Enquirer: 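This is the structure I have questions about; it appears just below.
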2 protein chains.
Amino acid sequence: MVTYSPIVTDDDLVFKALADPTRRILLDLLFQRDGRTLKDLESGLEMTRFGVMKHLKILEDAGLVVTRRSGREKLHFLNPVPIRMIHDRWIDKYREREVSALIALKAELEEKDRS
Amino acid sequence: MVTYSPIVTDDDLVFKALADPTRRILLDLLFQRDGRTLKDLESGLEMTRFGVMKHLKILEDAGLVVTRRSGREKLHFLNPVPIRMIHDRWIDKYREREVSALIALKAELEEKDRS
DNA sequence: TTGACAGGTGACTAAATGGTCACCTATAGT
DNA sequence: ACTATAGGTGACCATTTAGTCACCTGTCAA
């Protein structure tokens, strides 16, 4: 039998978790490559291990990061579900197309700007 | 000539703005119905006018809310672009389908649960 | 033109948050 | 066995943030 881990994400925990730049960098790192250890993540940041650990705990409590133990290591994975739920809260199906198009347009204009 | 207001949203301002529950309720209110005044929004919250105003300023600085003056009133509108950009930061095109499907599945299971 | 109304500012307090450290537990490898 | 390594906890301090208030500006309508 398959059990699904609590996708149930308390709103507040998710948004509070995303509010810190260090934690967003951690998500970026996990977006690049999943399954990293604390040591690994720590090395990319100018902060003590304790700081990083605290941040990872907050991300985990929010459900943005899920973990798996492997021996004495703890592997971290990005869970995109809460992110999508933020999106769905304020962007309905009809607006989605417009917004994406607008962002694409903006990117295009900025591209032209650079050349 | 048309000038586009700064869609350029400093990351940090957006995430910090979203971190507060009152501000998320304000976005919910504007998602329901756009073009509200401060007075209007204030009446839906248990907080002084000053508190609400401060929150609206933070949302506006983040680009999540755009405003237009009309006489002595200030009308507030929800801008979904920054929300979509959060989404795009951690959910790539390929993952998008999976994640949406997973959320739909979850909603379906919860629906069954209730019946 | 005067009074009511919508919005705005700067200062202040209480609470929450980020970061560090001393100290602890568990696993790996020799 | 024992030493190095990966991870974990609770207390602590500095900074940031939410909320309120006294006071101010601009617009509407009788």
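Quick caveat: nothing in here was measured; it's all calculated off a predicted structure. Protein chains get the first letters and strands the later ones, always in sequence-line order, with residue 1 at the start of each.
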Enquirer: Could you tell me if the side chain of A/Lys16 sits less than 4.5 Å from the side chain of A/Ile58, heavy atoms only?
Expert: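 A/Ile58 does not reach A/Lys16 side chain to side chain.
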Enquirer: Which nucleotide in the list D/dT9, C/dT9, C/dG19 gets nearest to the side chain of A/Met53?
Expert: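 So the nucleotide nearest the side chain must be D/dT9.
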Enquirer: Just verifying a value: how many Å separate A/Thr22 OG1 and A/Glu46 CD, rounded to the nearest 0.5 Å?
Expert: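 Answer rounded to 0.5 Å: 10.5 Å.
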Enquirer: Using side-chain heavy atoms (C-beta onward) and a distance below 4.5 Å, is B/His87 in contact with A/Ile91?
Expert: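 No, side chains not in contact.
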Enquirer: Measuring from the side chain of A/Glu73 (C-beta onward, heavy atoms only), which nucleotide among D/dG7, C/dG7, D/dA18 has the closest atom?
Expert: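 Nucleotide nearest to A/Glu73's side chain: D/dG7.
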Enquirer: Polar pairs (N or O, both sides) under 3.5 Å between protein and nucleotides 26-30 of chain D?
Expert:
unit_1: D/dT27; atom_1: O2; unit_2: B/Arg72; atom_2: NH1; d: 3.2

Enquirer: How many whole angstroms separate atom NE2 of A/His55 from atom P of D/dG8?
Expert: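 In whole Å, D/dG8 P lies 15 Å from A/His55 NE2.
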Enquirer: Could you list, one pair per line, each protein nitrogen or oxygen that sits under 3.5 Å from a nitrogen or oxygen of nucleotides 12-16 of chain C, together with the distance?
Expert:
none

Enquirer: Surrounding CZ of B/Arg68 (heavy atoms of other residues, nucleotides or ligands, distance under 6.0 Å), is the total greater than 12?
Expert: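 At most 12 heavy atoms, drawn from other residues, nucleotides or ligands, come within 6.0 Å of this atom.
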Enquirer: A/Leu13, A/Val81: one ILVMFWY side-chain cluster at the under-4.5 Å cut-off?
Expert: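 No: no chain of side-chain contacts under 4.5 Å links A/Leu13 to A/Val81.
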Enquirer: Could you tell me if the side chain of A/Thr67 sits less than 4.5 Å from the side chain of A/Leu75, heavy atoms only?
Expert: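 Answer no - side chains too far apart.
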Enquirer: Whole angstrom is fine here: how far is it from CD in A/Glu60 over to P in D/dT9?
Expert: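 Taking CD of A/Glu60 and P of D/dT9, I get 10 Å after rounding.
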Enquirer: B/Leu26 and B/Ile86: same hydrophobic cluster, using ILVMFWY side-chain contacts below 4.5 Å?
Expert: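 Linked within one cluster.
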Enquirer: Let's see if you get this right: which residues in residues 33-49 of chain B place a heavy atom under 4.0 Å from DNA chain D?
Expert: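 Close to the strand are B/Met47, B/Thr48.
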Enquirer: Whole angstrom is fine here: how far is it from CZ in B/Arg69 over to P in D/dT25?
Expert: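 Computing the B/Arg69:CZ to D/dT25:P distance gives 15 Å.
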Enquirer: If I take atom CG from residue B/Leu59 and atom NZ from residue B/Lys57, how far apart are they, to the nearest 0.5 angstrom?
Expert: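 The CG atom of B/Leu59 sits 11.0 Å away from the NZ atom of B/Lys57.
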Enquirer: How many whole angstroms separate atom NZ of A/Lys57 from atom C1' of C/dG18?
Expert: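 A/Lys57 atom NZ is separated from C/dG18 atom C1' by 15 Å.
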Enquirer: For A/Leu59 and C/dT17, what is the distance between atoms CG and C1' respectively, to the nearest whole Å?
Expert: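 So the two atoms are 14 Å apart, to the nearest Å.
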Enquirer: Not counting sequence neighbours, which residues clear side chain to side chain contact (heavy atoms under 4.5 Å, CB included) with A/Arg33? List them please.
Expert: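 Scan of A/Arg33 (side chain to side chain contact (heavy atoms under 4.5 Å, CB included), adjacent residues dropped) gives A/Arg36, A/Asp40.
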Enquirer: Among D/dA18, C/dC23, C/dG8, which is the nearest nucleotide to the side chain of A/Phe50?
Expert: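 Between D/dA18, C/dC23, C/dG8, the one nearest the side chain of A/Phe50 would be C/dC23.
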Enquirer: Output the rounded distance in Å from CG (A/Leu56) to C1' (D/dA6).
Expert: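 Result: 13 Å.
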Enquirer: Between A/Arg24 and A/Asp28, is there a side-chain N and carboxylate O pair less than 4.0 Å apart?
Expert: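 No, this pair does not count.
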Enquirer: How about B/Arg97: does its CZ atom have over 12 heavy atoms from other parts shown lying under 6.0 Å from it?
Expert: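 12 or below, so no.
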Enquirer: Let me know the distance between CD1 of B/Ile58 and P of C/dT9, rounded to the nearest Å.
Expert: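 The distance from CD1 of B/Ile58 to P of C/dT9 comes to 13 Å, rounded to the nearest Å.
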Enquirer: Run the salt bridge (charged side-chain N to carboxylate O under 4.0 Å, His left out) test against B/Glu42 and tell me which residues pass, sequence neighbours left out.
Expert: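 Expected list: none.
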Enquirer: Could you tell me, to 10°, how much the axis swings from one end of the helix from C/dT1-D/dA30 to C/dT30-D/dA1 to the other, five pairs per end?
Expert: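 Answer rounded to 10°: the end axes differ by 30°.
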Enquirer: Under a 4.5 Å side-chain heavy-atom rule over Ile, Leu, Val, Met, Phe, Trp and Tyr, are B/Val14 and A/Ile25 clustered together?
Expert: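 As far as the 4.5 Å side-chain criterion goes, A/Ile25 and B/Val14 are connected within one cluster.
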Enquirer: Is any side-chain heavy atom of A/Leu38 closer than 4.5 Å to one of A/Lys74?
Expert: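 No - every pair of side-chain heavy atoms lies 4.5 Å or more apart.
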Enquirer: Starting at CG of B/Asp20 and ending at C1' of C/dT17, how long is that distance when rounded to a whole Å?
Expert: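 After rounding, the gap between these two atoms is 14 Å.
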